[in-house]
K.L.:
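Provided herewith is a single structure, encoded as structure tokens, for subsequent inquiry.
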Number of protein chains: 2
Amino acid sequence: MNFSISEENYIKAIFHLQQQDGFATTNEVANELSTKPASVTDMMKKLKVKKLLHYEPYQGFRLSTEGNKVALDVIRRHRLWEYFLSEKLNFTWDEVHEVAEDLEHVSSKKLIDRLDEFLGFPKFDPHGDPIPDINGNFTVTRVISLQDMAINTKAVVSNIKDQSTEILEVLQHKNICIGTRLEVKKRFGFDNSLEVKIGRQPVITISEQLAKNIFVTHD
Amino acid sequence: MNFSISEENYIKAIFHLQQQDGFATTNEVANELSTKPASVTDMMKKLKVKKLLHYEPYQGFRLSTEGNKVALDVIRRHRLWEYFLSEKLNFTWDEVHEVAEDLEHVSSKKLIDRLDEFLGFPKFDPHGDPIPDINGNFTVTRVISLQDMAINTKAVVSNIKDQSTEILEVLQHKNICIGTRLEVKKRFGFDNSLEVKIGRQPVITISEQLAKNIFVTHD
DNA sequence: AAATTTATTTAGACAAATCTAAAAATTGCT
DNA sequence: AGCAATTTTTAGATTTGTCTAAATAAATTT
């Protein structure tokens, strides 16, 4: 099955919205896609006929198994392109989304699977969101702020929130980049600063402001 | 200005068609785009209003300066993606076109210019067609068959026509690939075989059949 | 529980891109 | 030049995705 750009955008929007409430409403979708409620209703009828979602008038929508598959496929494409833009073309984190929004609708399966391979099967996009693999499975490991890590737990840096040159400077100095494995050893309640160990290097100190901007996954 | 996918396809088709005759006709365009003449006329009216081409009923079409710019931009995107697919994602020459046909319509200027840089500012796509640079200029160096090279001239391999495993085998054996610099030293009239020198390696012999499939540009 | 507000759907219209069928212009032929 | 064949255009319809305005259903308030 092949879907139009519009259909894919609606499916993606519903997928994201139902993460929270378990379902999505007309107004929510209209708002998410900057369109009008009437347009949403029209599209929902179409997607229901195509069996991509469950929908009874006035009851909100829930993606079907098939719809979920489509959503994960679009999200896979989107996040792989984001990773490509960031990693290979040096886009900053705030620039990748808009372009990926277009690239995600190029639906050649071979293209995406080869791209995935070329990028080394990345598990997270530049925002730290998981990238579904070729079967639609993704790492459920939650990405949390370094600040929220428990003491004596190991983690891998998966993304950095802020993207200023200042933060890059301090990260470079402390030898921290995406993929760095580290362990939180101690937290000082006075200023919420952390002591962190990276491999066999001596322990380093990370301020609260910095820790809040470093996102990690459990190792 | 931003143009629809349809508009871009029509402009690209006219650009290609007017390479030959200097202008394009309704039927030619309809044929090229697998659409009907009536649809072409409709679109031509639209593109005329947008000043992308010159058109008087029954007189055929010619791109305006502005239309030419748009065409070169689309072609630049198409060929850069083809190069990417071939070079980075290991697509074969006959697979790249279809996917590039979709990718070419993602029109972020930053994306394309960064991609160009990432690829090392390639001058030719995998088919040997020149890639317009950021200003729409492209190497006019004609790509010619190695067979047609004059004696004692230097050349760079820009593409291989045939794409069978057999030709790849012999090329690999003789150490020839895209980008290889070589010099034609001698031609034997008997069988039209060539003697070619690659760098400081000993001279090798290339048959007429092989030379016809190797396309080069003057160095 | 009735009234009001909010959310959703329906009805009808519109723009883009396409099509078929018919009309008009151009070209080619004798 | 006149007629036939071809090419191109026009007219009117269709599909997709959108919109506004009005109608209806659901939720909230009093």
Side-chain angles (χ1 to χ4, degrees), chain A residues 1-14 17-18 20-63 67 70-71 74 101-102 104-107, chain B residues 1-14 17-18 20-63 67 70-71 74 101-102 104-107:
Chain A
M1 301 295 147
N2 242 19
F3 303 97
S4 73
I5 292 175
S6 257
E7 288 170 335
E8 287 188 348
N9 283 333
Y10 275 100
I11 289 171
K12 200 177 47 149
I14 293 168
L17 289 168
Q18 69 178 18
Q20 319 215 268
D21 325 48
F23 71 102
T25 67
T26 308
N27 271 354
E28 283 171 353
V29 175
N31 191 55
E32 178 93 356
L33 295 177
S34 301
T35 182
K36 300 288 139 111
S39 310
V40 175
T41 302
D42 286 347
M43 183 58 91
M44 292 309 104
K45 287 182 195 162
K46 242 180 78 179
L47 295 180
K48 184 186 177 177
V49 170
K50 295 195 179 188
K51 295 187 189 301
L52 293 172
L53 47 76
H54 305 290
Y55 160 55
E56 292 305 323
Y58 298 99
Q59 302 299 132
F61 339 110
R62 230 177 53 254
L63 292 182
V70 175
V74 178
E101 215 45 29
D102 286 337
E104 73 184 10
H105 301 296
V106 177
S107 61
Chain B
M1 301 295 148
N2 242 19
F3 304 98
S4 74
I5 292 175
S6 256
E7 289 170 334
E8 287 188 348
N9 283 334
Y10 275 99
I11 289 171
K12 200 177 46 148
I14 293 168
L17 289 169
Q18 70 179 17
Q20 318 215 269
D21 325 47
F23 71 102
T25 68
T26 307
N27 270 354
E28 283 170 354
V29 175
N31 190 55
E32 178 92 358
L33 295 177
S34 301
T35 182
K36 299 288 139 115
S39 311
V40 175
T41 302
D42 287 347
M43 183 58 91
M44 292 309 104
K45 288 183 194 162
K46 243 181 76 178
L47 295 181
K48 184 188 176 175
V49 170
K50 296 195 179 187
K51 294 186 188 304
L52 292 172
L53 47 76
H54 304 290
Y55 161 55
E56 292 305 323
Y58 297 98
Q59 301 300 131
F61 338 110
R62 230 176 53 253
L63 292 182
V70 175
V74 178
E101 212 49 26
D102 286 338
E104 73 183 10
H105 300 296
V106 177
S107 60

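Just so we're clear, the structure is a prediction, and the values are computed from it rather than from any experiment.
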K.L.:
Please examine the side chains of A:H105 and A:N9, heavy atoms only from C-beta on, and report whether any two atoms are closer than 4.5 Å.
P.N.:
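A side-chain contact under 4.5 Å exists here.
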K.L.:
Could you check which of D:dT18, C:dT18, D:dT7 has an atom nearest any side-chain atom of A:S6?
P.N.:
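Comparing D:dT18, C:dT18, D:dT7 against the side chain of A:S6, the answer is D:dT18.
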K.L.:
Write down the distance between OH (A:Y58) and P (C:dT6), rounded to a whole number of angstrom.
P.N.:
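From A:Y58 OH to C:dT6 P: 17 Å.
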K.L.:
Over how many whole Å does the gap from A:M43 atom CE to C:dT9 atom P extend?
P.N.:
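Going from A:M43 (CE) to C:dT9 (P), I get 15 Å.
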K.L.:
Which nucleotide in the list C:dT10, C:dT18, D:dT10 gets nearest to the side chain of B:A38?
P.N.:
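So the side chain of B:A38 is nearest to D:dT10.
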K.L.:
Heavy atoms under 4.0 Å, any strand shown: does A:P37 hit a base, just sugar-phosphate, or nothing?
P.N.:
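Contact class for A:P37: base.
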K.L.:
Round to the nearest Å and state the distance from A:E56 atom CD to C:dT8 atom P.
P.N.:
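Rounding to the nearest Å, CD of A:E56 and P of C:dT8 are 15 Å apart.
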K.L.:
Side chain of A:T35, heavy atoms from C-beta onward: which of C:dT9, D:dT8, D:dC19 has the nearest atom to it?
P.N.:
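Closest nucleotide to the A:T35 side chain: D:dC19.
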K.L.:
In terms of side-chain heavy atoms of B:D42, which of C:dT10, C:dC19, D:dC19 is nearest?
P.N.:
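The nucleotide sitting nearest to the side chain is C:dC19.
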K.L.:
A:L47 versus A:M44: any side-chain heavy-atom pair under 4.5 Å?
P.N.:
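In short, these two side chains touch, coming nearer than 4.5 Å.
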K.L.:
Check this for me, if you would: do A:E101 and A:K12 make a salt bridge, where the nitrogen-to-carboxylate-oxygen distance has to be below 4.0 angstrom?
P.N.:
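Salt bridge present between A:E101 and A:K12.
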K.L.:
Let me know the distance between NZ of A:K48 and P of C:dT9, rounded to the nearest Å.
P.N.:
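The answer, rounded to whole Å, is 11 Å.
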K.L.:
Looking at A:K45, I'd like to know whether one of its side-chain N or O atoms comes within less than 4.0 Å of OP1 or OP2 on C:dT9.
P.N.:
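Answer no for this pair, as no side-chain N or O of A:K45 is under 4.0 Å from OP1 or OP2.
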K.L.:
Between A:Q59 and A:S34, just flag the one whose closest nucleotide in DNA chain D comes earlier from the 5' side.
P.N.:
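Result of the comparison: A:S34.
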K.L.:
Of the listed nucleotides (C:dT10, D:dC19, C:dA25), which one gets closest to any side-chain atom of A:T41?
P.N.:
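From the listed options, C:dT10 comes nearest.
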K.L.:
Taking the nucleotide of DNA chain D with the closest heavy atom to each, which residue, A:S4 or B:E28, is nearer the 5' end?
P.N.:
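Result of the comparison: B:E28.
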K.L.:
What contact category does A:T26 fall into here, base, sugar-phosphate, or nothing, at under 4.0 angstrom with non-hydrogen atoms?
P.N.:
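A:T26: backbone/sugar contact only, no base atoms under 4.0 Å.
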K.L.:
Rounded to whole Å, how long is the line connecting atom NZ of B:K50 with atom P of C:dA15?
P.N.:
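Rounding to the nearest Å, NZ of B:K50 and P of C:dA15 are 14 Å apart.
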K.L.:
Using a 4.5 Å cut-off on heavy atoms from C-beta on, say whether the side chain of B:I14 contacts that of B:Y55.
P.N.:
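A side-chain contact under 4.5 Å is absent here.
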K.L.:
Indicate yes or no: at least one non-hydrogen side-chain atom of B:F61 is less than 4.5 angstrom from one of B:I11.
P.N.:
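B:F61 does not reach B:I11 side chain to side chain.
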K.L.:
Taking atom P of C:dT8 as reference, at what distance in whole Å does atom CE of A:M44 sit?
P.N.:
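Spelled out: CE on A:M44 to P on C:dT8 is 12 Å.
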K.L.:
For the side chain of A:S39, starting at C-beta, report the closest nucleotide among D:dT18, C:dT18, C:dT26.
P.N.:
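Closest nucleotide among those given: D:dT18.
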K.L.:
Side chain of A:K36: nearest nucleotide among C:dT8, D:dT20, C:dT26?
P.N.:
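Nucleotide nearest to A:K36's side chain: D:dT20.
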K.L.:
Could you tell me the separation between the CD1 atom of B:I5 and the P atom of C:dA15, rounded to a whole number of Å?
P.N.:
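Computing the B:I5:CD1 to C:dA15:P distance gives 21 Å.
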K.L.:
Does C:dT8 have its OP1 or OP2 closer than 4.0 Å to a side-chain nitrogen or oxygen of A:N27?
P.N.:
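Yes, A:N27 has a side-chain N/O under 4.0 Å of OP1/OP2 on C:dT8.
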K.L.:
Side-chain contact, heavy-atom cut-off 4.5 Å: A:L53 with A:R62?
P.N.:
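A:L53 does not reach A:R62 side chain to side chain.
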K.L.:
Atom OH of A:Y55 to atom P of D:dA25: distance rounded to whole Å?
P.N.:
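Roughly 13 Å, once rounded to whole Å.
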K.L.:
Name the nucleic acid region contacted by B:Y10, choosing base, sugar-phosphate or nothing; use a 4.0 angstrom heavy-atom cut-off, strictly under.
P.N.:
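Sugar-phosphate contact only.
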